[in-house]
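Note sheet for the following structure.
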Amino acid sequence: MGRAFVYVILGGGVAAGYAALEFTKRGVSHGELCIISEEPVAPYERPALSKGFLLPESPARLPSFHTCVGANEERLTPKWYKEHGIELVLGTRVKSADVRRKTLLTATGETISYKILIIATGARALKLEEFGVSGSEAENVCYLRDLADANSLVNVMQSCAGGNAVVIGGGYIGMECAASLVINKINVTMVFPEAHCMARLFTPKIASYYEDYYQSKGVKFIKGTVLSSFEFDSSGKVTAVNLRDGSQLPADMVVVGIGIRPNTSLFEGQLTLEKGGIKVNGKLQTSNNSVYAVGDVATFPVKLFGETRRLEHVDSVRKSAKHAVAAILEPEKAGEFDYLPFFYSRVFALSWQFFGDNAGEVVHFGDYSGSTFGAYWISKGHLVGSFLEGGTKEEYEAIANATRLQAAVEDLAEVGRQGLKFALTV
Ligand code: FDA
Ligand code: NAD
């Protein structure tokens, strides 16, 4: 049993949706493009799962957040794929790939062949078991990567209103879920090994603003330690979390956000990997000419930094997907992918954006006791990264622009005094 397509996108997440839209914009014939996804639904905006989806009032539900609404573009419902002659093979896991033969074998036993493959398999959530702790299978231990996880998180949350949640991990999932849990009137304790939250990006000063804000909402922080085990009741539900420092926290539910691993395993030994992802060039092309990789799974050259990076944020996913399609359909016209890294988050009434790289020396600016403040990262006399909380559209554009231009900085203290004015006058 088998089918053949010109283009196959493996994975049906954010990248797949944006790639599909770009294919139709640039011209693809009916029956040429196929998307294969393990998930049972058409591509959707994954960021909604830790924000709108978890709200107690009028929560976001599909079909409202199918791609590409996150970039204010068309909403691609299953009907849209049908009308555009794009084959959506949902609820189907690809269990092996042969890049020499240009075939994919699905768990249902079908062989799907391609002329051009776009790998968009994203990433999976790391499990506690990988850190030597068992209990992930308990019904009140939640992860958050896909719609099924989000549905079970909502069910668990609703079953313990007014109860206690322990959030494991102080990264994006930890911070965004903690805020959503508080909004759902659940008492939250966050536990993570670092000295402050969002350690991969925030400086201690930035982190302390958010931690104070969370504390004002009732969140407790236990830092510098990790969990060692769970206590269970007779039905197998977790009742408490034991920490390595010897303390114990009562828990009606647990949310785990301890990082991800890119889904590269189908291609190990077949394609070149780098920094945990599938290595691609400026056209998003892998070490095999017929295979492209985009989104969380791809390690691509960031021109601005002169090195390769693997990013885990939706803006780079959307843009890398679009660029790959341009490079496939119009190889002469499409230049090299030239991307300015952009990360953001929104929690409670807060909202921040970050552009570039958090390398070099840091200068903080603005009012850290108010609602608008930020930081610049300066390396070798140039601005390489910028962060802003509570900015306007124009201010975010200004820090993005100054970072892209790698504005020259002579006097760090002066830049700190100027704050936003520095970016606005570049
Ligand atoms: P993505 O993970 O979206 O999709 C991969 C797809 O491939 C899935 O459908 C999966 O089932 C499928 N797949 C994998 N292996 C397969 C196989 N063998 N066979 C078939 N199908 C397979 N970023 C940001 O910038 N701002 C934000 O606010 C957020 N918020 C956010 C919230 C939550 C809850 C999560 C989990 C993530 C975010 N992110 C984010 C990160 C962002 O969502 C992430 O970078 C993108 O979803 C990655 O898009 P991809 O398409 O690369 O993978
Ligand atoms: P993360 O990498 O942001 O954070 C992982 C956290 O796990 C670390 O901060 C650390 O505190 C913690 N940790 C590591 N080892 C631990 C251990 N043994 N015990 C306890 N804690 C430990 O990853 P995440 O928060 O799981 O997010 C998953 C993915 O989703 C990431 O790719 C992230 O970029 C993405 N995401 C992004 C956004 C956004 O951009 N706004 C929002 C949600 C999710």
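Whatever order the structure lists ligands and atoms in, that order sets their numbers, starting from 1. The residues of the chain are indexed from 1 along the displayed sequence.
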Quick look: Glu176 vs ligand 2, heavy-atom contacts under 4.0 Å, and the answer is side chain

Between Met175 and ligand 2, which residue portion shows a heavy-atom distance shorter than 4.0 Å: side chain, backbone, both, or neither?
neither

Is there a heavy atom in Ala199 that sits closer than 4.0 Å to ligand 2?
no

Give the numbers and elements of all ligand 2 atoms closer than 4.0 Å to a heavy atom of Gly169.
7 (O), 11 (O), 12 (C), 21 (N)

May I ask you to check if ligand 1 and Glu38 share an N or O to N or O distance below 3.5 Å?
yes

What about Tyr172: any of its N or O atoms under 3.5 Å from an N or O on ligand 2?
yes

Between Asp315 and ligand 1, is there a nitrogen or oxygen pair with a distance under 3.5 Å?
no

If you apply the rule side chain to side chain contact (heavy atoms under 4.5 Å, CB included), what do you find for Leu49 with Asp149, and how did you get there?
CA-CA 9 Å; Leu49 299 182; Asp149 294 337; over 6 Å; no

Validate the cation-pi geometry between Arg310 and Phe300: distance from NZ or CZ to the six-membered ring centre under 6.0 Å, angle to the ring axis within 45°.
no

Are Phe23 and Tyr7 close enough that their ring centres sit under 6.0 Å apart?
yes

Tell me which protein heavy atom sits closest to atom 39 (N) of ligand 1, plus the residue, atom name and distance to 0.1 Å.
Pro47 CG, 4.2 Å

Which of the numbered atoms in ligand 2 are below 4.0 angstrom from a heavy atom of Phe131?
15 (N), 18 (N)

Would Phe343 count as a contact residue for ligand 2, given that I'm defining contact as a non-hydrogen atom of the residue lying under 4.0 Å from a ligand atom?
no

Residue-level breakdown please: for Ala120 versus ligand 1, do any non-hydrogen atoms fall below 4.0 Å on the side chain, on the backbone, on both, or on neither?
backbone

As a quick check of understanding, evaluate salt bridge (charged side-chain N to carboxylate O under 4.0 Å, His left out) for Lys303 and Glu336, giving each step before the final call.
CA-CA 9 Å; Lys303 263 185 160 180; Glu336 304 281 300; over 6 Å; no

Atoms of ligand 2 close to Arg200 [distance to a heavy atom under 4.0 angstrom, numbered from 1]
1 (P), 2 (O), 3 (O)

Charged N to carboxylate O below 4.0 Å: is that the case for Lys319 and Asp315?
yes

Looking only at protein heavy atoms, which one is nearest to atom 15 (N) of ligand 1, and what is the separation?
Thr121 CG2, 3.6 Å

I'd like to check whether Val94 has a polar contact with ligand 1, where a contact means an N/O of the residue lying under 3.5 Å from an N/O of the ligand.
yes

Which segment of Val297 sits under 4.0 Å of ligand 1 when only heavy atoms are counted
neither

Would a line drawn from the ring center of Tyr368 to the ring center of Phe373 be shorter than 6.0 Å?
yes

Do the ring planes of Phe387 and Phe202 sit parallel (below 30°), tilted (30 to 60°) or perpendicular (above 60°)?
perpendicular

Is Asp296 in polar range of ligand 1, meaning some N or O pair under 3.5 Å apart?
yes

Within 45° cone and under 6.0 Å: Lys217 NZ/CZ vs Phe348 ring
yes

What part of Val14, side chain, backbone, both or neither, has a heavy atom within less than 4.0 angstrom of ligand 1?
both

Ligand 2 versus Glu312, non-hydrogen atoms closer than 4.0 Å: side chain, backbone, both, neither?
both

Do me a favour and list the nearest non-hydrogen protein atom to atom 3 (O) of ligand 1 with residue, atom name and distance?
Arg46 NE, 2.7 Å

What are the atoms of ligand 2, with element, lying closer than 4.0 Å to any heavy atom of Phe192?
11 (O)

N or O pair under 3.5 Å between Val314 and ligand 1
yes

Spacing of Leu420 atom CG and Phe365 atom CZ [to the nearest 0.5 Å]:
4.5 Å

Side chain, backbone, both or neither: which applies to Val226 and ligand 2 if a contact is any heavy-atom pair less than 4.0 Å apart?
side chain

Would you say that more than 12 heavy atoms from the other residues, nucleotides or ligands in this model lie under 6.0 Å from the NZ of Lys279, or not?
no

Students should be able to answer this: which protein heavy-atom is nearest to atom 8 (C) of ligand 1, and at what distance?
Glu39 OE2, 3.3 Å

Geometry only, no angles: is Ala15 polar-contacting ligand 1 at N/O separations under 3.5 Å?
yes

Ligand 1 to Gly12, heavy atom cutoff 4.0 Å, flagged ligand atoms 6 (C), 7 (O), 9 (O), 12 (C)

Nearest to atom 32 (C) of ligand 1, what protein heavy atom do you find, and at what distance?
Ser50 OG, 3.2 Å

Heavy-atom contacts with Glu312 under 4.0 Å: which atoms of ligand 1 show up? List them by number with element.
41 (C), 45 (O)

Verify whether the ring centers belonging to Tyr344 and His313 lie closer than 6.0 Å.
no

Ligand 1 contacted by Phe343 (non-hydrogen, < 4.0 Å):
no

Hey, is Ile258 touching ligand 2 through its side chain, its backbone, both or neither, going by heavy atoms under 4.0 Å?
both

Numbered atoms of ligand 1 (with element) below 4.0 Å of Leu266, judged on heavy atoms:
18 (N)

The closest protein heavy-atom partner of atom 12 (C) of ligand 1 is Gly11 CA, 3.7 Å

Say whether Gly259, considering both its backbone and side-chain N or O atoms, lies within less than 3.5 Å of an N or O atom on ligand 2.
yes

